[in-house]
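Heads up: the structure comes next, in structure tokens.
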Amino acid sequence: MKSLRVPLLAAGAVLLLLAGCAPEPQESAGPTPSAEPTLDPLPLSAFQTVPSADIHGLTTRSVDDETARIHAVVPQVDGHPELNATLAGFSDAQVADYRASGRVGGDGHGFISISWSTLGSSASLVGFLLSSEMSPGASTADTEKTVWYDTKQKRQLTLRDFVTPAGMEAVIRSVTQALRAHVLSPDVDGAEQILAGGEPAVGFDARGRLLVGFDSYQVAAGSYGAPLIAVDADPASLLTPIGQAARTATLDPKELEVPPPPPPAPNPPVDCHVQKCVALTFDDGPGKGTTPRLLDILKREKVHATFFVLGAQVQAHPQLVAREVKEGHEVGSHSWSHPQLTSLTPTAVREEVEKAGAAILNATGVKPVLFRPPYGARNAMVDGILKDAGYAEALWSVDTLDWKTRDAAKTVEAAAKAKPGAIVLMHDIHATTVDAVPGVIAALRAKGYVFVTVSELVGDPKPGARYFGTY
Ligand code: NI
């Protein structure tokens with residue numbers, strides 16, 4: 001926040017707490033600042049700190065230079081580059097100020113030491129206190145910066161986020177009273193500007209009182225150190241909901257939620273009018289012993305496929321279908337129990353369709369838009385029910401007969417005959433099919449094919465439409 005401007009004769013800056021007595025009850029609705037602040041020197045800091053162990057993904061960034069007597073450590077939190085840039089930026093600016101002072105290192109008797117602690121943590125809030133002690137020679141200057149960050153909204157929080165408008169008046173009254181009562185020639189106007197700008201250090205003490213801090217030299221002579229002022233007021237009216245959440249994160253810290261891993265990088269958009277596209281499809285799963293291995297292969301090869309799953313299998317292995325969707329594959333319905341739909345009554349067909357769709361939605365959160373009738377058996381009755389249920393029918397243009405041959409080499413050979421726009425039929429319940437998939441991908445890639453889902457291939461499937469491929 002500041003650089004050293006004034007030489008200081010005192011041995012070192014001392015942090016002071018200008019604390020208030022408990023307020024007298026008043027009739028006004030607003031928060032009530034203390035009327036009679038008292039002066040309590042503190043050994044180091046009145047900020048309440050919490051264990052850093054609750055912050056998952058916490059690392060540190062150090063700058064060490066023994067010759068120049070620079071020792072700077074700031075925290076970093078995985079997955080929050082904006083927060084990390086602020087934390088690192090404080091350290092870098094302080095070190096740059098120190099280097100610019102021209103009295104760096106042992107001969108100039110200068111040093112800089114930057115350390116940190118955690119002020120609060122909750123599921124979506126984290127607060128850090130950064131402390132810089134800089135001495136380019138005979139004097140020292142303390143700079144304390146607090147960084148509060150909302151990890152859900154990905155934004156930094158300042159005093160203005162923590163305090164209500166009425167509360168801000170109470171903060172200003174507390175600060176100006178404390179400065180006038182205890183500091184010779186305080187810069188009251190400067191303090192008000194810093195408060196209005198939301199710049200001061202902010203946190204809470206062990207009693208949950210809001211603390212507002214200034215750097216040394218900012219509002220008072222350097223001999224007063226870095227003033228820290230407690231605002232004695234009812235938190236309910238002083239603090240906004242965010243401010244109250246920060247107070248709770250200080251008094252009752254909770255684990256910071258780990259940011260979810262970044263979603264798998266989507267395959268670059270494919271234009272199947274320009275590129276040679278093929279859709280690999282896998283029916284009758286998910287298979288407990290085979291589908292996980294297939295998904296591992298597809299992930300390694302960065303290939304998205306389409307799975308036509310059976311409702312009964314989805315109910316048995318919901319986590320496998322959820323994984324299919326999570327890893328970027330398309331999931332369509334293949335009925336509940338794989339009957340030949342054309343031999344059933346309309347009521348029974350509807351039940352097969354609805355039960356399977358509900359199981360998929362339940363397991364994945366996604367309502368399927370594609371349906372593949374078992375055996376490809378369809379008629380006007382089946383078509384009408386599927387259309388009413390919002391499904392497009394996805395058939396195929398290349399039948400690998402993998403279920404019949406159970407021979408990986410033959411499956412590769414059959415799949416490799418695909419033409420641009422093909423939908424290739426396989427089954428992820430056979431180990432020999434999974435064995436074939438690396439060869440299928442290699443053979444088609446060698447011919448210049450790119451792999452897409454059925455919906456990507458046909459482009460926005462329409463209910464009632466039937467797709468066999470696009471050639
Ligand atoms: Ni089938």
Side-chain angles (χ1 to χ4, degrees), residues 260 263-264 279-292 294-295 298-299 304-396 403 423 425-430 433 452-468:
L280 302 184
T281 68
F282 297 94
D283 288 11
D284 299 354
K288 187 183 172 205
T290 47
T291 304
L294 173 60
L295 287 169
L298 295 173
K299 190 188 219 174
H304 288 166
T306 305
F307 290 87
F308 291 97
V309 295
L310 293 173
Q313 290 298 104
V314 173
Q315 191 178 55
H317 309 293
Q319 75 289 351
L320 286 180
V321 192
R323 183 181 162 192
E324 288 168 357
V325 168
K326 196 172 134 220
E327 296 186 355
H329 305 292
E330 180 164 25
V331 171
S333 174
H334 195 38
S335 81
W336 177 263
S337 62
H338 211 272
Q340 185 170 324
L341 297 177
T342 50
S343 68
L344 300 185
T345 64
T347 303
V349 171
R350 267 186 219 104
E351 193 182 329
E352 280 280 334
V353 171
E354 284 166 12
K355 232 177 129 183
I360 294 167
L361 178 61
N362 191 35
T364 66
V366 180
K367 185 190 178 303
V369 297
L370 299 176
F371 190 99
R372 175 172 281 170
Y375 316 104
R378 37 169 287 270
N379 57 19
M381 179 267 290
V382 171
D383 290 349
I385 288 170
L386 290 174
K387 184 179 179 180
D388 289 347
Y391 285 104
E393 289 178 64
L395 288 305
W396 58 87
W403 59 275
I423 297 175
L425 170 62
M426 292 180 277
H427 297 80
D428 57 323
I429 52 170
H430 303 307
T433 299
V452 294
T453 64
V454 171
S455 283
E456 287 170 337
L457 182 76
V458 305
D460 196 17
K462 302 282 185 300
R466 283 180 289 285
Y467 302 100
F468 298 85

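What you see is a predicted model, and the numbers here were worked out from it, not measured in a lab.
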Item to complete: Evaluate the side-chain proximity of E351 to L344: yes if any heavy-atom separation is below 4.5 Å, no if none is.
Response: no
Fill in: Minimum side-chain heavy-atom gap P286-V314 below 4.5 Å
yes
Fill in: Backbone of S455 reached by a side-chain donor or acceptor of E330 within 3.5 Å
yes
Worksheet item: How far apart are the C-alpha atoms of Y467 and K462, what are their side-chain angles, what is the distance that settles it, and do they pass the side-chain contact (heavy atoms from CB on, under 4.5 Å) test?
Response: CA-CA 10 Å; Y467 302 100; K462 302 282 185 300; 4.1 Å; yes
Discussion item. When you compare the side chain of S335 with that of P339, does any pair of heavy atoms fall below 4.5 Å?
Written reply: yes
Practice prompt. To the nearest 0.5 angstrom, please state how far the CZ atom of R350 sits from the OG1 atom of T345.
Written response: 8.5 Å
Fill in: Partner set under side-chain hydrogen bond (donor to acceptor under 3.5 Å, both in side chains) for T433, not counting sequence neighbours
D402
Worksheet entry | Minimum heavy-atom distance S337-E352, with the two atoms named | OG-OE2, 2.5 Å
Discussion item. Is there a side-chain contact between P368 and V331 in this structure, where contact means two heavy atoms from C-beta onward sitting under 4.5 Å apart?
Written reply: no
Item to complete: Of all the heavy-atom pairs spanning G311 and A359, show the shortest one and how long it is.
Response: O-CB, 4.1 Å
Discussion item. Looking only at side-chain N and O atoms, does T291 offer a donor or acceptor that is under 3.5 Å from a partner on D428?
Written reply: yes
Item to complete: Taking all heavy atoms of G332 and all of I360, pick out the closest pair and write down the distance.
Response: O-CD1, 3.9 Å
Discussion item. Checking H329 now: which residues fulfil ring-ring contact (aromatic ring centres under 6.0 Å, His included) with it, not counting sequence neighbours?
Written reply: H304, F307
Show me the donor-acceptor pairs within less than 3.5 Å that the side chains of residues 370-384 make with the rest of the protein, sequence neighbours left out.
| from | atom 1 | to | atom 2 | distance (Å) |
| --- | --- | --- | --- | --- |
| R372 | NE | A394 | O | 3.0 |
| R372 | NH1 | T281 | OG1 | 2.9 |
| R372 | NH1 | D283 | OD1 | 2.7 |
| R372 | NH1 | D283 | OD2 | 3.3 |
| R372 | NH2 | T281 | OG1 | 3.3 |
| R372 | NH2 | L395 | O | 2.8 |
| Y375 | OH | H338 | ND1 | 3.3 |
| R378 | NE | D383 | OD1 | 3.1 |
| R378 | NE | E393 | OE1 | 3.4 |
| R378 | NH2 | D383 | OD2 | 3.0 |
| N379 | OD1 | M381 | N | 3.1 |
| N379 | OD1 | V382 | N | 2.9 |
| D383 | OD2 | R466 | NH1 | 3.1 |

Response to the item:
Output for pair (F282 CZ, M426 CE), nearest 0.5 Å, gives 3.5 Å
Item to complete: For K367, look at atom NZ and say whether over 12 heavy atoms of other residues, nucleotides or ligands are found less than 6.0 Å away.
Response: yes
Response to the item:
To the nearest 0.5 Å, atom OG1 of T306 lies from atom CG of L457 at 8.5 Å
Practice prompt. Kindly state each residue pair satisfying side chain to side chain donor-acceptor pair (under 3.5 Å) with at least one member in residues 312-323, sequence neighbours excluded.
Written response: D296-R323, R323-E327
Fill in: Min side-chain heavy-atom separation S333-V353 under 4.5 Å
no
Fill in: Set of side-chain hydrogen bond (donor to acceptor under 3.5 Å, both in side chains) partners for T364, sequence neighbours left out
none
Discussion item. Once side-chain hydrogen bond (donor to acceptor under 3.5 Å, both in side chains) is applied, do any residues pair with Q340, and if so which ones, sequence neighbours excluded?
Written reply: T342
Fill in: Closest approach of P346 to I385 (non-hydrogen atoms, all atoms of both residues)
O-CD1, 3.6 Å
Worksheet entry | CA sep, side-chain torsions, deciding dist, call: T290, H430, side-chain contact (heavy atoms from CB on, under 4.5 Å) | CA-CA 7 Å; T290 47; H430 303 307; 5.9 Å; no
